[in-house]
**Q** 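Here's a structure for you.
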Amino acid sequence: MKGQHARATAGQGEYLVDNVKLQEKQKLLDLGGGAGSYSIALCAANPKLKAFIVDQKEALASAVPLVESQNLQDQIT
């Protein structure tokens with residue numbers, strides 16, 4: 001999970017934000033979302049967007065502190 005998150009924050013998340021236009025969208029279902037790295041990037045760039053991450057318990061446990069560190073608890077479940 002840490003490696004995936006490091007890769008996402010090293011540029012892949014920004015690339016995703018630049019190439020997936022979600023400005024008018026309100027909901028995102030992130031299946032297999034792992035640490036929530038991409039939901040974090042997309043929600044940070046799109047304040048109206050609410051993401052719901054679905055993954056195994058262990059992966060979601062690593063997502064919680066990352067979401068909280070970005071203060072996105074209101075946007076990401």
Side-chain angles (χ1 to χ4, degrees):
M1 291 295 119
K2 289 180 182 180
Q4 176 195 13
H5 184 68
R7 189 172 45 248
T9 57
Q12 286 186 348
E14 185 177 326
Y15 181 81
L16 184 65
V17 167
D18 290 343
N19 289 284
V20 177
K21 304 303 177 198
L22 298 175
Q23 290 84 357
E24 301 302 318
K25 304 301 180 190
Q26 295 180 2
K27 295 180 183 178
L28 171 73
L29 179 59
D30 189 353
L31 297 174
S37 308
Y38 298 112
S39 285
I40 290 169
L42 292 167
C43 285
N46 298 283
K48 294 179 186 175
L49 190 63
K50 303 244 186 235
F52 185 81
I53 303 171
V54 177
D55 208 321
Q56 295 182 0
K57 178 174 56 174
E58 296 82 7
L60 294 176
S62 67
V64 171
L66 295 172
V67 169
E68 290 174 348
S69 73
Q70 298 299 312
N71 199 28
L72 292 170
Q73 306 92 303
D74 291 341
Q75 283 181 266
I76 302 175
T77 303

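What you are looking at is a predicted structure, and each value in this text was computed from that prediction instead of being measured.
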**Q** Can you sort out the partners of N46 under side-chain hydrogen bond (donor to acceptor under 3.5 Å, both in side chains), two or more places apart, ordered by chain and number?
**A**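 In terms of side-chain hydrogen bond (donor to acceptor under 3.5 Å, both in side chains), with neighbours along the sequence ignored, N46 is linked to no residue.
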
**Q** Between S39 and A51, which heavy-atom pair has the shortest distance, and what is it?
**A**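 Minimum heavy-atom contact is OG-CB, 3.7 Å.
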
**Q** One pair to check against side-chain contact (heavy atoms from CB on, under 4.5 Å): D30 and V54. What are the steps and the verdict?
**A** CA-CA 6 Å; D30 189 353; V54 177; over 6 Å; no

**Q** Minimum heavy-atom separation for G34 to D55, with atom names?
**A**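 Closest heavy-atom pair between G34 and D55: N-OD2, 2.7 Å.
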
**Q** Restricting to non-hydrogen atoms, name the atom on I40 and the atom on V67 that form the minimum distance, rounded to 0.1 Å.
**A**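 Reported closest heavy-atom pair: CD1-N, 3.9 Å.
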
**Q** Could you tell me whether a side-chain N or O of S62 sits under 3.5 Å from a main-chain N or O of A59, the two making a donor and an acceptor?
**A**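 Pair found, side chain donor or acceptor close to backbone of A59.
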
**Q** Surrounding CD of Q23 (heavy atoms of other residues, nucleotides or ligands, distance under 6.0 Å), is the total greater than 12?
**A**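 Counting other residues, nucleotides and ligands, CD of Q23 exceeds 12 neighbours.
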
**Q** Determine which pairs satisfy side-chain hydrogen bond (donor to acceptor under 3.5 Å, both in side chains) with at least one residue from residues 63-77, sequence neighbours left out, and list them in order.
**A**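 Matches after skipping sequence neighbours: none remain.
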
**Q** Are V20 and V17 linked, directly or through intermediate hydrophobic residues, by side-chain heavy-atom contacts shorter than 4.5 Å (ILVMFWY only)?
**A**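 Per the 4.5 Å side-chain linkage, V17 and V20 are co-clustered.
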
**Q** Report the distance from atom CZ of F52 to atom CG of L28, rounding to the nearest 0.5 Å.
**A**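 Result: 11.5 Å between the selected atoms.
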
**Q** For the atom pair CG (L72) and SG (C43), what is the distance rounded to the nearest 0.5 Å?
**A**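 Here the rounded value is 6.5 Å.
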
**Q** Using only atom types and a distance under 3.5 Å, with no angle test, would you say the side chain of K21 pairs donor to acceptor with the backbone of D18?
**A**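 Pair found, side chain donor or acceptor close to backbone of D18.
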
